[in-house]
Number of protein chains: 2
Amino acid sequence: MRIGELSKVTDVPVPTIKYYLREGLLPAGELSSPNQASYGDTHVRRLRLIRALIELAQVPVATVKEILESLDSDTEPLHEQIGRAHRALTPTRRLTATDEARTAAAAQVTDLIAARGWAVEPSAPALATLIDTVAALRSLGQDSLVAHLDTYADAVESFTRLEIDAVTSNPTRDQLAESVVIGTILGETLIASLRLLAQESISADRWKNR
Amino acid sequence: MRIGELSKVTDVPVPTIKYYLREGLLPAGELSSPNQASYGDTHVRRLRLIRALIELAQVPVATVKEILESLDSDTEPLHEQIGRAHRALTPTRRLTATDEARTAAAAQVTDLIAARGWAVEPSAPALATLIDTVAALRSLGQDSLVAHLDTYADAVESFTRLEIDAVTSNPTRDQLAESVVIGTILGETLIASLRLLAQESISADRWKNR
DNA sequence: CGCTTATGGATACTGATACTATCCATCACA
DNA sequence: TGTGATGGATAGTATCAGTATCCATAAGCG
(Lines give C-alpha, C1' and ligand atoms only; values in the text may rest on other atoms or scores of the structure.)
Protein backbone atom coordinates (compact mmCIF):
# COMPACT_ATOMS: atom_id res chain seq x y z
CA MET A 1 0.00 0.00 0.00
CA ARG A 2 1.40 3.41 -0.90
CA ILE A 3 0.64 6.66 0.83
CA GLY A 4 -2.26 7.54 -1.45
CA GLU A 5 -4.11 4.38 -0.65
CA LEU A 6 -3.35 4.71 3.06
CA SER A 7 -4.89 8.13 2.84
CA LYS A 8 -7.98 6.82 1.10
CA VAL A 9 -8.49 3.96 3.52
CA THR A 10 -8.16 6.07 6.66
CA ASP A 11 -9.59 9.27 5.23
CA VAL A 12 -6.61 11.27 6.40
CA PRO A 13 -5.13 13.74 3.86
CA VAL A 14 -1.75 12.80 2.43
CA PRO A 15 -0.03 15.96 3.75
CA THR A 16 -1.31 15.14 7.21
CA ILE A 17 0.08 11.62 7.01
CA LYS A 18 3.39 13.10 5.94
CA TYR A 19 3.20 15.42 8.91
CA TYR A 20 2.63 12.51 11.30
CA LEU A 21 5.56 10.70 9.71
CA ARG A 22 7.73 13.76 10.23
CA GLU A 23 6.67 14.05 13.82
CA GLY A 24 7.37 10.41 14.43
CA LEU A 25 3.79 9.47 15.30
CA LEU A 26 3.65 7.02 12.44
CA PRO A 27 6.58 4.71 11.64
CA ALA A 28 8.06 5.10 8.17
CA GLY A 29 6.93 2.67 5.49
CA GLU A 30 9.29 0.10 4.10
CA LEU A 31 11.37 1.69 1.36
CA SER A 32 11.62 -0.28 -1.88
CA SER A 33 13.41 2.58 -3.60
CA PRO A 34 14.50 6.07 -2.51
CA ASN A 35 11.09 7.49 -3.11
CA GLN A 36 8.80 4.55 -2.80
CA ALA A 37 7.59 3.16 0.49
CA SER A 38 4.91 0.63 1.28
CA TYR A 39 2.62 0.80 4.26
CA GLY A 40 0.81 -2.11 5.79
CA ASP A 41 -1.95 -2.97 8.16
CA THR A 42 -0.04 -1.77 11.19
CA HIS A 43 0.05 1.69 9.66
CA VAL A 44 -3.68 1.69 9.12
CA ARG A 45 -4.29 0.65 12.71
CA ARG A 46 -1.81 3.11 14.06
CA LEU A 47 -3.23 5.94 12.01
CA ARG A 48 -6.72 5.19 13.25
CA LEU A 49 -5.46 5.26 16.81
CA ILE A 50 -3.71 8.57 16.25
CA ARG A 51 -6.82 10.15 14.80
CA ALA A 52 -9.05 8.83 17.56
CA LEU A 53 -6.76 10.28 20.20
CA ILE A 54 -6.42 13.62 18.45
CA GLU A 55 -9.95 14.19 17.23
CA LEU A 56 -12.11 12.39 19.73
CA ALA A 57 -10.07 12.79 22.89
CA GLN A 58 -8.37 16.07 21.91
CA VAL A 59 -4.96 14.82 22.91
CA PRO A 60 -2.17 17.11 21.64
CA VAL A 61 0.08 15.69 18.94
CA ALA A 62 3.17 15.83 21.13
CA THR A 63 1.41 13.81 23.81
CA VAL A 64 0.16 11.26 21.32
CA LYS A 65 3.76 10.78 20.29
CA GLU A 66 4.79 10.19 23.87
CA ILE A 67 2.01 7.68 24.42
CA LEU A 68 2.82 5.75 21.28
CA GLU A 69 6.51 5.62 22.10
CA SER A 70 5.63 4.30 25.49
CA LEU A 71 3.35 1.66 23.94
CA ASP A 72 6.06 0.61 21.53
CA SER A 73 8.67 0.13 24.19
CA ASP A 74 8.40 -3.32 25.68
CA THR A 75 10.54 -2.42 28.61
CA GLU A 76 8.44 0.27 30.22
CA PRO A 77 6.38 -1.06 33.12
CA LEU A 78 2.62 -1.00 32.73
CA HIS A 79 2.04 1.51 35.49
CA GLU A 80 4.40 3.90 33.76
CA GLN A 81 2.38 3.58 30.58
CA ILE A 82 -0.81 4.21 32.46
CA GLY A 83 0.82 7.25 34.01
CA ARG A 84 1.51 8.64 30.57
CA ALA A 85 -2.07 8.15 29.49
CA HIS A 86 -3.17 9.92 32.65
CA ARG A 87 -0.88 12.83 31.97
CA ALA A 88 -2.38 13.03 28.50
CA LEU A 89 -5.76 13.60 30.09
CA THR A 90 -4.73 16.12 32.72
CA PRO A 91 -3.39 19.32 31.24
CA THR A 92 -0.35 20.76 32.95
CA ARG A 93 -2.13 22.94 35.43
CA ARG A 94 -1.40 26.46 36.37
CA LEU A 95 -2.43 27.16 39.95
CA THR A 96 -5.94 28.50 40.03
CA ALA A 97 -7.26 28.66 43.54
CA THR A 98 -6.09 30.80 46.41
CA ASP A 99 -4.10 29.12 49.13
CA GLU A 100 -6.79 28.85 51.79
CA ALA A 101 -9.34 27.50 49.33
CA ARG A 102 -6.82 25.01 48.07
CA THR A 103 -5.81 23.62 51.42
CA ALA A 104 -9.44 23.24 52.42
CA ALA A 105 -10.20 21.39 49.20
CA ALA A 106 -7.06 19.32 49.56
CA ALA A 107 -8.17 18.22 53.00
CA GLN A 108 -11.56 17.11 51.75
CA VAL A 109 -10.05 15.21 48.85
CA THR A 110 -7.45 13.55 51.03
CA ASP A 111 -10.20 12.44 53.39
CA LEU A 112 -12.19 11.01 50.54
CA ILE A 113 -9.24 9.04 49.26
CA ALA A 114 -8.38 7.77 52.71
CA ALA A 115 -11.98 6.77 53.41
CA ARG A 116 -12.10 4.76 50.20
CA GLY A 117 -8.73 3.19 50.82
CA TRP A 118 -7.48 4.32 47.46
CA ALA A 119 -3.77 4.05 46.91
CA VAL A 120 -2.90 7.27 45.15
CA GLU A 121 0.50 8.86 44.79
CA PRO A 122 0.57 12.44 46.04
CA SER A 123 2.11 13.44 42.72
CA ALA A 124 -0.73 11.99 40.66
CA PRO A 125 -1.71 14.62 38.08
CA ALA A 126 -5.41 13.95 38.56
CA LEU A 127 -5.10 14.70 42.25
CA ALA A 128 -4.14 18.30 41.67
CA THR A 129 -6.93 18.72 39.15
CA LEU A 130 -9.48 17.26 41.52
CA ILE A 131 -8.37 19.56 44.33
CA ASP A 132 -8.49 22.60 42.09
CA THR A 133 -11.89 21.63 40.79
CA VAL A 134 -13.31 21.21 44.27
CA ALA A 135 -11.81 24.53 45.28
CA ALA A 136 -13.23 26.19 42.18
CA LEU A 137 -16.71 24.74 42.74
CA ARG A 138 -16.58 25.97 46.33
CA SER A 139 -15.46 29.44 45.36
CA LEU A 140 -18.23 29.58 42.80
CA GLY A 141 -20.81 28.77 45.44
CA GLN A 142 -21.56 25.27 44.20
CA ASP A 143 -21.15 23.49 47.50
CA SER A 144 -24.15 21.29 46.89
CA LEU A 145 -22.30 19.46 44.14
CA VAL A 146 -19.18 19.07 46.21
CA ALA A 147 -21.22 17.69 49.06
CA HIS A 148 -21.97 14.60 47.01
CA LEU A 149 -18.37 13.91 46.14
CA ASP A 150 -18.54 10.57 47.85
CA THR A 151 -21.55 9.45 45.85
CA TYR A 152 -19.77 10.48 42.67
CA ALA A 153 -16.83 8.39 43.77
CA ASP A 154 -19.15 5.40 44.23
CA ALA A 155 -20.41 5.55 40.70
CA VAL A 156 -16.99 6.24 39.28
CA GLU A 157 -15.48 3.35 41.19
CA SER A 158 -18.10 1.01 39.85
CA PHE A 159 -17.40 1.62 36.22
CA THR A 160 -13.70 1.85 36.72
CA ARG A 161 -13.79 -1.68 38.11
CA LEU A 162 -15.80 -2.72 35.10
CA GLU A 163 -13.31 -1.16 32.71
CA ILE A 164 -10.39 -2.84 34.34
CA ASP A 165 -12.12 -6.20 34.24
CA ALA A 166 -13.01 -5.74 30.60
CA VAL A 167 -9.46 -4.89 29.76
CA THR A 168 -7.76 -7.55 31.83
CA SER A 169 -9.03 -10.26 29.49
CA ASN A 170 -6.24 -9.36 27.06
CA PRO A 171 -3.80 -12.25 26.71
CA THR A 172 -0.47 -10.60 26.02
CA ARG A 173 1.12 -7.74 27.87
CA ASP A 174 1.35 -5.63 24.74
CA GLN A 175 -2.32 -6.00 24.05
CA LEU A 176 -3.12 -5.30 27.67
CA ALA A 177 -1.09 -2.11 27.60
CA GLU A 178 -2.77 -0.94 24.42
CA SER A 179 -6.20 -1.70 25.80
CA VAL A 180 -5.48 0.12 29.01
CA VAL A 181 -4.26 3.20 27.22
CA ILE A 182 -7.08 3.25 24.70
CA GLY A 183 -9.60 2.48 27.41
CA THR A 184 -8.32 5.20 29.66
CA ILE A 185 -8.40 7.85 27.01
CA LEU A 186 -11.37 6.95 24.84
CA GLY A 187 -13.26 5.71 27.88
CA GLU A 188 -13.23 9.27 29.08
CA THR A 189 -14.84 10.49 25.87
CA LEU A 190 -17.37 7.69 26.10
CA ILE A 191 -18.40 8.52 29.64
CA ALA A 192 -18.48 12.23 28.96
CA SER A 193 -20.86 11.88 26.05
CA LEU A 194 -23.06 9.39 27.88
CA ARG A 195 -23.27 11.89 30.70
CA LEU A 196 -24.32 14.69 28.42
CA LEU A 197 -27.01 12.54 26.84
CA ALA A 198 -28.29 11.48 30.24
CA GLN A 199 -28.32 15.10 31.32
CA GLU A 200 -30.21 16.20 28.31
CA SER A 201 -32.82 13.58 28.80
CA ILE A 202 -33.23 13.91 32.55
CA SER A 203 -33.22 17.68 32.50
CA ALA A 204 -35.68 17.80 29.63
CA ASP A 205 -38.69 16.64 31.60
CA ARG A 206 -37.50 18.34 34.77
CA TRP A 207 -37.38 21.87 33.41
CA LYS A 208 -39.72 21.82 30.49
CA ASN A 209 -40.32 25.53 30.38
CA ARG A 210 -38.14 27.54 32.70
CA MET B 1 -11.49 48.10 43.43
CA ARG B 2 -9.24 49.01 40.53
CA ILE B 3 -7.76 46.63 38.03
CA GLY B 4 -4.55 46.11 39.95
CA GLU B 5 -6.39 44.89 43.00
CA LEU B 6 -8.69 42.72 40.93
CA SER B 7 -5.59 41.16 39.50
CA LYS B 8 -4.11 40.53 42.92
CA VAL B 9 -7.30 39.05 44.35
CA THR B 10 -7.88 36.65 41.49
CA ASP B 11 -4.26 36.06 40.60
CA VAL B 12 -4.89 36.85 36.97
CA PRO B 13 -2.32 39.16 35.30
CA VAL B 14 -3.56 42.66 34.47
CA PRO B 15 -2.92 42.28 30.71
CA THR B 16 -5.00 39.12 30.75
CA ILE B 17 -7.85 40.89 32.50
CA LYS B 18 -7.64 43.62 29.89
CA TYR B 19 -7.78 40.94 27.23
CA TYR B 20 -10.92 39.43 28.74
CA LEU B 21 -12.46 42.91 28.88
CA ARG B 22 -11.63 43.44 25.22
CA GLU B 23 -13.11 40.10 24.29
CA GLY B 24 -16.25 40.85 26.23
CA LEU B 25 -15.88 37.99 28.72
CA LEU B 26 -15.77 40.39 31.60
CA PRO B 27 -18.10 43.41 31.81
CA ALA B 28 -16.40 46.78 31.96
CA GLY B 29 -15.95 48.38 35.36
CA GLU B 30 -17.86 51.47 36.29
CA LEU B 31 -16.08 54.52 34.96
CA SER B 32 -15.58 57.38 37.41
CA SER B 33 -13.40 59.24 34.96
CA PRO B 34 -12.19 58.53 31.42
CA ASN B 35 -9.37 56.36 32.66
CA GLN B 36 -10.54 55.17 36.00
CA ALA B 37 -12.92 52.28 36.48
CA SER B 38 -13.93 50.40 39.57
CA TYR B 39 -14.62 46.70 39.71
CA GLY B 40 -16.72 44.95 42.28
CA ASP B 41 -17.56 41.58 43.64
CA THR B 42 -19.37 40.50 40.52
CA HIS B 43 -16.17 40.99 38.59
CA VAL B 44 -14.23 38.83 41.00
CA ARG B 45 -16.82 36.07 40.76
CA ARG B 46 -17.03 36.31 37.01
CA LEU B 47 -13.30 36.25 36.62
CA ARG B 48 -13.04 33.16 38.79
CA LEU B 49 -15.67 31.47 36.66
CA ILE B 50 -13.84 32.40 33.47
CA ARG B 51 -10.58 31.00 34.76
CA ALA B 52 -12.16 27.79 36.00
CA LEU B 53 -13.75 27.20 32.61
CA ILE B 54 -10.59 28.01 30.70
CA GLU B 55 -7.96 26.37 32.87
CA LEU B 56 -9.77 23.50 34.50
CA ALA B 57 -12.25 22.57 31.82
CA GLN B 58 -10.19 23.76 28.83
CA VAL B 59 -13.09 25.61 27.30
CA PRO B 60 -11.96 27.94 24.49
CA VAL B 61 -12.26 31.66 25.15
CA ALA B 62 -14.81 32.17 22.38
CA THR B 63 -17.02 29.47 23.88
CA VAL B 64 -16.72 30.92 27.36
CA LYS B 65 -17.96 34.17 25.93
CA GLU B 66 -20.95 32.45 24.38
CA ILE B 67 -21.79 30.67 27.63
CA LEU B 68 -21.55 33.84 29.69
CA GLU B 69 -23.70 35.78 27.27
CA SER B 70 -26.26 33.05 27.48
CA LEU B 71 -26.15 33.14 31.28
CA ASP B 72 -26.57 36.89 31.29
CA SER B 73 -29.60 36.85 29.07
CA ASP B 74 -32.70 36.29 31.14
CA THR B 75 -34.77 35.51 28.12
CA GLU B 76 -33.01 32.42 26.85
CA PRO B 77 -34.77 29.24 27.93
CA LEU B 78 -32.90 26.95 30.29
CA HIS B 79 -32.61 24.11 27.85
CA GLU B 80 -30.94 26.45 25.38
CA GLN B 81 -28.41 27.41 28.01
CA ILE B 82 -27.74 23.78 28.76
CA GLY B 83 -27.31 23.17 25.08
CA ARG B 84 -24.61 25.80 24.95
CA ALA B 85 -22.76 24.24 27.84
CA HIS B 86 -23.00 20.91 26.08
CA ARG B 87 -21.60 22.34 22.91
CA ALA B 88 -18.75 23.77 24.96
CA LEU B 89 -17.86 20.24 25.98
CA THR B 90 -18.19 18.58 22.61
CA PRO B 91 -15.71 19.89 20.07
CA THR B 92 -17.02 20.44 16.58
CA ARG B 93 -16.28 17.04 15.17
CA ARG B 94 -14.70 16.17 11.92
CA LEU B 95 -15.96 12.83 10.66
CA THR B 96 -13.64 10.09 11.83
CA ALA B 97 -15.08 6.68 11.20
CA THR B 98 -15.85 5.02 7.92
CA ASP B 99 -19.46 4.78 6.88
CA GLU B 100 -20.11 1.14 7.70
CA ALA B 101 -18.45 1.41 11.09
CA ARG B 102 -20.47 4.51 11.83
CA THR B 103 -23.85 3.10 10.92
CA ALA B 104 -23.15 0.01 13.02
CA ALA B 105 -22.16 2.14 15.98
CA ALA B 106 -25.11 4.44 15.43
CA ALA B 107 -27.46 1.46 15.57
CA GLN B 108 -26.01 0.28 18.86
CA VAL B 109 -26.18 3.74 20.39
CA THR B 110 -29.73 4.29 19.18
CA ASP B 111 -30.72 0.97 20.72
CA LEU B 112 -29.13 1.93 24.00
CA ILE B 113 -30.96 5.23 24.11
CA ALA B 114 -34.24 3.64 23.20
CA ALA B 115 -33.80 0.89 25.78
CA ARG B 116 -33.19 3.47 28.49
CA GLY B 117 -36.05 5.63 27.36
CA TRP B 118 -33.83 8.64 27.05
CA ALA B 119 -35.26 11.60 25.24
CA VAL B 120 -32.41 12.80 23.10
CA GLU B 121 -32.55 15.04 20.08
CA PRO B 122 -30.91 13.48 17.04
CA SER B 123 -28.89 16.67 16.65
CA ALA B 124 -27.42 16.49 20.14
CA PRO B 125 -23.69 17.12 19.84
CA ALA B 126 -22.85 14.42 22.35
CA LEU B 127 -24.69 11.87 20.26
CA ALA B 128 -22.29 12.20 17.36
CA THR B 129 -19.32 12.00 19.67
CA LEU B 130 -20.66 8.88 21.33
CA ILE B 131 -21.25 7.20 18.00
CA ASP B 132 -17.80 8.09 16.76
CA THR B 133 -16.23 6.88 19.97
CA VAL B 134 -18.01 3.55 19.81
CA ALA B 135 -16.99 3.19 16.18
CA ALA B 136 -13.40 4.08 17.03
CA LEU B 137 -13.24 1.61 19.92
CA ARG B 138 -14.61 -1.08 17.64
CA SER B 139 -12.16 -0.36 14.87
CA LEU B 140 -9.34 -0.43 17.39
CA GLY B 141 -10.35 -3.88 18.53
CA GLN B 142 -11.68 -2.80 21.92
CA ASP B 143 -15.04 -4.51 21.71
CA SER B 144 -14.89 -5.67 25.30
CA LEU B 145 -15.28 -2.10 26.49
CA VAL B 146 -18.11 -1.38 24.12
CA ALA B 147 -19.86 -4.52 25.25
CA HIS B 148 -20.44 -2.96 28.66
CA LEU B 149 -21.90 0.25 27.32
CA ASP B 150 -25.11 -0.41 29.15
CA THR B 151 -23.39 -0.80 32.48
CA TYR B 152 -21.56 2.44 31.87
CA ALA B 153 -24.86 4.07 31.17
CA ASP B 154 -26.20 2.76 34.50
CA ALA B 155 -23.43 4.37 36.48
CA VAL B 156 -23.59 7.56 34.48
CA GLU B 157 -27.32 7.82 34.91
CA SER B 158 -27.00 7.45 38.64
CA PHE B 159 -24.71 10.39 39.16
CA THR B 160 -26.43 12.50 36.58
CA ARG B 161 -29.62 12.16 38.58
CA LEU B 162 -27.65 13.13 41.65
CA GLU B 163 -26.24 16.19 39.96
CA ILE B 164 -29.57 17.36 38.79
CA ASP B 165 -31.07 16.94 42.23
CA ALA B 166 -28.19 18.81 43.81
CA VAL B 167 -28.62 21.65 41.40
CA THR B 168 -32.39 21.85 41.50
CA SER B 169 -32.26 23.21 45.05
CA ASN B 170 -31.39 26.64 43.66
CA PRO B 171 -34.16 29.12 44.37
CA THR B 172 -34.04 31.54 41.48
CA ARG B 173 -33.93 30.73 37.82
CA ASP B 174 -30.71 32.68 37.34
CA GLN B 175 -28.97 30.74 40.05
CA LEU B 176 -30.35 27.51 38.67
CA ALA B 177 -29.02 28.29 35.23
CA GLU B 178 -25.61 29.18 36.59
CA SER B 179 -25.47 26.02 38.66
CA VAL B 180 -26.48 23.87 35.75
CA VAL B 181 -23.83 25.35 33.51
CA ILE B 182 -21.07 25.21 36.10
CA GLY B 183 -22.14 21.75 37.15
CA THR B 184 -22.20 20.47 33.61
CA ILE B 185 -18.78 21.77 32.79
CA LEU B 186 -16.82 21.48 36.01
CA GLY B 187 -18.67 18.28 36.90
CA GLU B 188 -17.01 16.76 33.90
CA THR B 189 -13.56 17.68 35.21
CA LEU B 190 -14.53 16.37 38.62
CA ILE B 191 -15.65 13.00 37.33
CA ALA B 192 -12.69 12.68 35.01
CA SER B 193 -10.18 13.20 37.76
CA LEU B 194 -12.02 10.90 40.16
CA ARG B 195 -11.94 8.27 37.48
CA LEU B 196 -8.22 8.61 36.97
CA LEU B 197 -7.60 8.33 40.69
CA ALA B 198 -9.81 5.27 40.95
CA GLN B 199 -8.00 3.77 37.99
CA GLU B 200 -4.63 4.40 39.45
CA SER B 201 -5.59 2.81 42.71
CA ILE B 202 -7.45 -0.19 41.33
CA SER B 203 -4.87 -0.90 38.66
CA ALA B 204 -2.01 -0.57 41.11
CA ASP B 205 -2.69 -3.79 43.00
CA ARG B 206 -3.96 -5.55 39.90
CA TRP B 207 -0.81 -5.23 37.83
CA LYS B 208 1.91 -4.76 40.36
CA ASN B 209 4.77 -5.81 38.13
CA ARG B 210 3.81 -6.39 34.55
C1' DC C 1 9.29 4.88 -25.20
C1' DG C 2 7.26 8.84 -23.72
C1' DC C 3 4.09 11.30 -20.81
C1' DT C 4 1.34 12.13 -16.98
C1' DT C 5 0.67 11.36 -12.29
C1' DA C 6 2.14 9.88 -7.65
C1' DT C 7 5.71 9.61 -4.21
C1' DG C 8 9.31 10.61 -0.48
C1' DG C 9 11.64 14.09 1.58
C1' DA C 10 12.73 18.76 2.75
C1' DT C 11 11.41 23.41 3.69
C1' DA C 12 8.27 27.09 4.01
C1' DC C 13 3.91 29.01 4.88
C1' DT C 14 -0.73 29.48 7.13
C1' DG C 15 -4.65 30.28 10.37
C1' DA C 16 -6.28 29.94 14.81
C1' DT C 17 -5.78 30.72 19.69
C1' DA C 18 -4.49 32.99 23.92
C1' DC C 19 -2.14 35.90 25.51
C1' DT C 20 1.86 39.90 26.11
C1' DA C 21 3.96 44.16 25.15
C1' DT C 22 3.99 48.90 24.07
C1' DC C 23 2.08 53.49 23.85
C1' DC C 24 -0.13 57.31 25.45
C1' DA C 25 -2.97 60.58 27.63
C1' DT C 26 -4.96 60.86 31.93
C1' DC C 27 -5.55 60.25 36.97
C1' DA C 28 -4.53 59.17 41.99
C1' DC C 29 -1.98 60.02 45.66
C1' DA C 30 2.24 60.92 48.50
C1' DT D 1 4.52 68.05 41.64
C1' DG D 2 6.13 64.09 40.13
C1' DT D 3 5.90 58.97 40.23
C1' DG D 4 3.35 55.22 39.28
C1' DA D 5 -1.13 53.07 37.97
C1' DT D 6 -5.00 53.08 34.72
C1' DG D 7 -8.10 52.67 30.47
C1' DG D 8 -7.97 52.06 25.86
C1' DA D 9 -5.95 51.06 21.49
C1' DT D 10 -2.77 48.65 18.55
C1' DA D 11 0.79 45.56 17.63
C1' DG D 12 3.56 41.58 18.57
C1' DT D 13 4.48 36.73 20.17
C1' DA D 14 4.42 31.65 20.94
C1' DT D 15 2.38 27.46 20.09
C1' DC D 16 -0.15 24.23 17.64
C1' DA D 17 -1.76 21.48 13.80
C1' DG D 18 -1.64 21.18 9.88
C1' DT D 19 -1.05 22.89 4.36
C1' DA D 20 1.54 24.15 0.44
C1' DT D 21 5.39 24.02 -2.54
C1' DC D 22 9.46 22.06 -4.64
C1' DC D 23 12.18 18.70 -6.50
C1' DA D 24 14.13 14.49 -8.18
C1' DT D 25 12.62 10.03 -8.94
C1' DA D 26 9.36 6.15 -9.79
C1' DA D 27 4.94 3.98 -11.51
C1' DG D 28 1.55 3.18 -14.58
C1' DC D 29 -0.61 3.81 -18.99
C1' DG D 30 -0.98 4.17 -24.15
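Letters A, B, ... are given to chains in the order of the sequence lines, protein chains preceding strands, and every chain is numbered from 1. Just so you know, these numbers use all the heavy atoms, side chains as well, and skip hydrogens, waters and symmetry mates. All figures in this text were calculated on a predicted structure; none of them were measured in a lab.
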Rounded to the nearest angstrom, tell me the gap between atom [atom1] in [X] and atom [atom2] in [N].
{"X": "B/L21", "N": "C/dA18", "atom1": "CG", "atom2": "C1'", "value": "15 Å"}
{"X": "A/E23", "N": "D/dT19", "atom1": "CD", "atom2": "C1'", "value": "14 Å"}
{"X": "A/L26", "N": "C/dT7", "atom1": "CG", "atom2": "C1'", "value": "15 Å"}
{"X": "A/Y39", "N": "C/dA6", "atom1": "OH", "atom2": "P", "value": "16 Å"}
{"X": "B/Y20", "N": "C/dT17", "atom1": "OH", "atom2": "P", "value": "15 Å"}
{"X": "B/I17", "N": "D/dG7", "atom1": "CD1", "atom2": "P", "value": "10 Å"}
{"X": "A/K8", "N": "C/dT7", "atom1": "NZ", "atom2": "C1'", "value": "13 Å"}
{"X": "A/E55", "N": "D/dA17", "atom1": "CD", "atom2": "P", "value": "12 Å"}

Checking [Y] against [X]: is there a side-chain donor and acceptor pair closer than 3.5 Å?
{"X": "B/Y39", "Y": "B/R46", "value": "no"}
{"X": "B/E163", "Y": "A/H148", "value": "no"}
{"X": "A/S70", "Y": "A/E80", "value": "no"}
{"X": "B/H86", "Y": "A/Q199", "value": "yes"}
{"X": "B/R195", "Y": "A/Y152", "value": "no"}

With B for base contact, S for sugar-phosphate-only contact and - for none (protein heavy atoms under 4.0 Å), nucleotides 23-30 of chain D reads -BBSSS--
Does [X] put a side-chain nitrogen or oxygen below 4.0 Å from OP1 or OP2 of [N]?
{"X": "A/R51", "N": "D/dA17", "result": "no"}
{"X": "B/T16", "N": "C/dT20", "result": "yes"}
{"X": "A/Y19", "N": "C/dT14", "result": "no"}

What's the closest nucleotide to the side chain of [X] if the choices are [options]?
{"X": "A/V61", "options": "D/dG18, C/dG8, D/dG7", "value": "D/dG18"}
{"X": "B/I3", "options": "D/dT6, D/dG8, C/dG8", "value": "D/dT6"}
{"X": "A/R22", "options": "C/dG8, C/dC19, C/dA12", "value": "C/dA12"}

Whether the side chain of A/H43 engages the backbone of A/P27 through a donor-acceptor N/O pair (distance < 3.5 Å, no angle test) should be reported.
yes
Do the side chains of A/D165 and B/R206 get close enough for a salt bridge, i.e. N-O under 4.0 angstrom?
yes
